[in-house]
Every structure is written in structure tokens, then in C-alpha cells.
Amino acid sequence: MSSVLQEYEAIHKELRDEGFIRTDYIHSDKLWNPKIMTMKREDLEKLKTFRLKRIVKWAWDHSEFYRRFWKSKGFEPDMIKDWRDVVKIPILRKDELRKDLQSNPPFGTIMVPELARRIRFVGATSGSTGMPTFQGWGALELDYFEEGQARYLWTFADVKPTTVYANYLNMSGFYSWGPPLVETAMWRCGATAIAGGGETYFSWKNRHNLIFRLWKVDVLATTPWLHRLIGEEAVKEGWETPFKVLLLHGGAAAENTKKKLFAVHPNAKLAISVWGTTDGHMAIEVPNLPGQLVVWEDMEIFDIVDPKTDEPAAEGERGELIATLLNHFTMPLIRYSLGDYVKNEFLTDPDPTYGITHMRFAEPIPGRVEWMFKVKGKLLLPIYVEDAVNEIPDTTGMFNVFVYDNEMDKLKIRIETTRNPDRKYDEEARQKLAERIGLDKDDVEIEWVKPGETIWTGYKLQVFVDQRKKK
């Protein structure tokens, strides 16, 4: 056995022995892992410093990519004295990673060679902007990822023995929030798991709706838009969805969207936004704290930069989200740009319901940096438009924003309506949209379509349609 593998397995054992990964799955605690979820702030700070130093040294010692990349940027591991020094590490963006993967397929030189032969799961991005990027998950990474999932499923969503949970996310073999979550995190909680797969809902709608009713599904996880569509279908067919908890994945849910979801899902008592990436990052909305998403700080460190300068954003300013996974040793992702556009403001007071001490985003994660667009000089994101669309009568909430230039003089948007839109309806809708997002009604151009005629990508509504010419 190689010394690298021995070290990896020793770290995995340490994480389990110290209780960061809980191993007694079925228990009676209110919180999945109270010892870790309510750690004192000073202990969390020390832990982050220790783990950042460890993962940086590991990457330097065992990953050819990081050693080469960091040397070229003048960075060395001994520059890290405290977890706040994470900002000294060069930012890694997807183009650098993709370049390495293309030159050294399939995983590039970023993966630790001795562990590459022992990966248990391969994750991949969609590849919509070119070659997909792949990530290898070993036993340690999967174990910790499942722990992170169990924390919010057990604690917030009440996923326990006898709970029926349906996962309507992507069930493809390259998506970490699909089969690995269903087959492992659910079992830890003792729940019954249904791996439905949102991408097949459109072709097997009757079958999926039947499953929801027969199995009396308690918790449904999918995108806000598919949640809405399923609820609308149920209302139209004359039955009530059984869901008690709605887990909202794949995009931030505007507050008006949540109101619409409760209207079409009459048995739902809770809707929780779940933000995450294929790589294994996650932040979960805390019940009773709308828009505040908790981060498991024993798993990762976030920092926020100005995307134009790469300098840290000032407190309260918005910028690009950069993340460091503290326990991904097989394929480290250190100071990796996630591309999301967020406010640099975090809360560290214990939440009033559970006493969780890990930090929370002060406001929702509204979308990706590349989803930002300008109309008449005003910077917008699809979520701002979504809130307004949901105020227009007789719409399904489904829309597509068409971005045709970097500086647009009109907001061009496609919206589904159940009405036959006349001139008055169109004018009132444009007025409502314009007022909510700070434009004039003449700056808004709406293409009205029937339900089912907006653009989707699998189980995700394509809220941002980029029509700009590629250079």
C-alpha cells in the first residue's frame, strides 16, 4: 500500500473517529450531528486553519497541477498561517482546469495519481461551454458529502425512518446530487428513497404523478420550476400533492415563487432552498430564517472577490464566489471559482431554532456572474425578474429572458400565460415588471406563449437564454 493511500485512509479514519462524519445513523437527536453543528466559533476557526493548511500542503506534495500552477503564481504553502490567508492562494477558474483536462484526459494532472485508481464515483459538469470537467470522488469524499446531506435532511426536512423522499434531480451517472445522495444519505436517515429523476417527468408525467399519489411522498427534491409545474398539473387534474416539505434545488427561489408553490402544494408546510454544485459544495436555507443559507464550515471555506480585479470584495459588496473544499484529497479543489454572484456578508450568531453555529449567507445566492445582464444600464439577474413575473395574473411562473447584447435597451422576455393576452393585459404586465425591476414599461417587451412553450434544459427552466454572438 502506498504511503499516499495510507495517509488518505488515516485522515478518513480520523474524521470518523472524531465525529465529523457520524457513523451511528439512526438516533434520537434533534440535530443530525449536534457535536459538530453547534461547535463553538473559536473551535471552528481553529479547525478551518488546521484543515486549510493540511489540504494546501497535501495538494503541493501530491498534485502536479497545483505545484506547477502555484509556483507560476509565486505561491507556496508556508504563506498560510491562518484560514483567512486563503485569499493569498491564486484563484483557479474552470478554463485553467479544462486546459489541464484536455492535455491530460480524463482527469488531468490535478488528481492525485495514487488515489485515481480507487475512485468510487465520477462527477462531471454538463459541458455546455465546451469540454465537461470531471471530478473523481474517493471513499472519504463521498462519506463526508453524504454526512453534509444528512445534516440538513434529518434536521431541517425531518427525513427520518418511515419518511418517503423522492429525488427529482438529475439521475445521470455523472451527477453527485443524484444516485449517490439517494442511495446513501437517505439510507443514513433511514428513509425510503425514490430516485425519480426530474429529466424524465415530461415524457413520463402520468407515471410520475401516479407514484407521488400511491407512495404518498413526504419530501420532494427538485427545481423550483418543476415543483411549480407538478403542482399546477395536480390542480388541473383534480388531486392534491402529498408533499409536506419542498426542497428547492438548481436555482435560488424568489419569495413570490415560494408563495405560488404553497398555493399549488396545499399539504406543504416548508420550502427550503438548497444551493449546491456538482463538485460537492452546499449551503442550505435554515427554516425560520428566509434566504439565510448555512454553510458547513468543517467542509469548506468561501471568499468573495471582485470579478474584474480578483481582489477581495469589501464587506457588504457583491462579487464572485470562490470556494475551497477542505476534505477533497483525491482531486483537491482549492480556491476554485464557482461563478456565483453573492453579497460578502455572513452571519455567525447561532440560529434561534437549532443553535447551529456555522456561518450563514445574509441573503440568497441570486445566480451566476455570467447570468448578469444590463437593460438601460441597470444590472439585473433572472431572480429579480422571476419575483415580478409571479405577480402577473394567470401566468404559470415560467419565463425565459433573452440576452441579445451586453448593453440592452429592452428587456426581452417570454412568459407563459393561461389567458389570451390582449393589449391591456400586456400593458399592465409590462408596467408591473418595469416597476419591480426599476425600468419603464416601454423598456419591456413580452412574448406571450401558452403553458409548456418556454425553454427548458432537462428539469431546469432556462431562465437565461444567451443570444449574444460568440467572439
Side-chain angles (χ1 to χ4, degrees), residues 223-229 231-232 248 250-261 263-264 273 290-291 307 318 339-343 363-457 460-470:
T223 63
W225 313 291
L226 190 52
H227 272 296
R228 174 80 179 269
L229 182 62
E232 297 279 7
L248 315 180
E255 282 308 302
N256 277 331
T257 297
K258 287 187 179 181
K259 292 175 184 176
K260 294 291 185 180
L261 292 181
V264 295
S273 291
R318 288 177 174 81
D340 286 281
Y341 180 69
V342 299
K343 187 177 183 181
E363 65 177 31
I365 300 172
R368 304 185 66 79
V369 170
E370 60 262 33
W371 284 7
M372 293 160 54
F373 59 95
K374 284 186 177 181
V375 179
K376 290 287 181 73
K378 187 171 183 61
L379 193 63
L380 297 169
L381 278 159
I383 191 172
Y384 305 153
V385 177
E386 179 178 323
D387 231 2
V389 168
N390 279 314
E391 289 189 357
I392 301 172
D394 302 313
T395 62
T396 66
M398 310 306 168
F399 69 96
N400 310 120
V401 172
F402 295 95
V403 178
Y404 56 89
D405 204 348
N406 292 330
E407 299 282 345
M408 300 189 295
D409 58 358
K410 279 186 181 291
L411 170 67
K412 292 189 176 182
I413 184 170
R414 176 181 295 172
I415 302 176
E416 290 184 3
T417 180
T418 56
R419 292 211 351 210
N420 184 17
D422 54 22
R423 184 173 179 178
K424 182 182 178 183
Y425 180 70
D426 177 75
E427 186 171 344
E428 290 176 350
R430 287 189 293 111
Q431 182 68 45
K432 192 173 289 289
L433 264 173
E435 287 176 356
R436 284 299 305 271
I437 59 180
L439 297 174
D440 186 271
K441 69 177 181 180
D442 292 331
D443 301 332
V444 178
E445 183 179 302
I446 301 175
E447 176 193 355
W448 296 104
V449 296
K450 296 176 182 177
E453 294 184 357
T454 45
I455 303 169
W456 289 65
T457 303
K460 288 186 178 182
L461 181 69
Q462 197 172 337
V463 294
F464 183 94
V465 180
D466 193 348
Q467 295 183 326
R468 291 170 294 187
K469 291 181 180 179
K470 306 297 182 186

For [Y], is there any backbone N or O sitting under 3.5 Å from a side-chain donor or acceptor partner on [X]?
X: K441; Y: A429; result: no
X: T417; Y: D394; result: yes
X: T223; Y: L226; result: yes
X: D405; Y: M408; result: no
X: N400; Y: T454; result: no
X: E255; Y: D387; result: no

Starting at [atom1] of [X], measure out to [atom2] of [Y] and round the result to the nearest 0.5 Å.
X: I415; Y: E447; atom1: CD1; atom2: CD; result: 10.0 Å
X: D440; Y: K410; atom1: CG; atom2: NZ; result: 9.0 Å
X: K258; Y: H227; atom1: NZ; atom2: NE2; result: 11.0 Å
X: K374; Y: D409; atom1: NZ; atom2: CG; result: 14.5 Å
X: I446; Y: I392; atom1: CD1; atom2: CD1; result: 5.0 Å
X: E453; Y: W448; atom1: CD; atom2: CH2; result: 13.5 Å

With the side chain counted from C-beta on, respond yes when [X] and [Y] share a heavy-atom pair under 4.5 Å apart, and no when they do not.
X: E445; Y: F402; result: no
X: P421; Y: D426; result: no
X: P393; Y: E428; result: no
X: V401; Y: K412; result: no
X: V389; Y: I413; result: yes
X: F373; Y: L411; result: yes

Least distance between heavy atoms, [X] atom then [Y] atom:
X: L439; Y: K376; result: CD2-CB, 4.4 Å
X: Y425; Y: R419; result: CD1-NH2, 3.2 Å
X: L433; Y: A388; result: CD2-CB, 3.5 Å
X: W225; Y: G250; result: CH2-O, 3.7 Å
X: L248; Y: L261; result: CD2-CD1, 3.7 Å
X: Y341; Y: M372; result: CD1-SD, 3.5 Å

What I want to check is whether the side chains of Q431 and E427 have a donor and an acceptor closer together than 3.5 Å. no
Does a donor on one side chain and an acceptor on the other come within less than 3.5 Å for N390 and T257? yes
Could you walk me through whether L229 and M398 pass the side-chain contact (heavy atoms from CB on, under 4.5 Å) check? CA-CA 9 Å; L229 182 62; M398 310 306 168; 4.1 Å; yes
Aromatic rings W371 and F464: how do their planes relate, parallel, tilted or perpendicular, breaks at 30° and 60°?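 The rings of W371 and F464 lie parallel, inter-plane angle below 30°.
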Could you walk me through whether R436 and Y384 pass side-chain contact (heavy atoms from CB on, under 4.5 Å), step by step? CA-CA 8 Å; R436 284 299 305 271; Y384 305 153; over 6 Å; no
Under 4.0 Å between a Lys/Arg side-chain N and an Asp/Glu carboxylate O for E363 and R318? yes
I'd like to know if E232 pairs up with R228 as an ion pair, taking the criterion as any Lys NZ or Arg NE/NH1/NH2 lying under 4.0 Å from an Asp or Glu carboxylate oxygen. yes
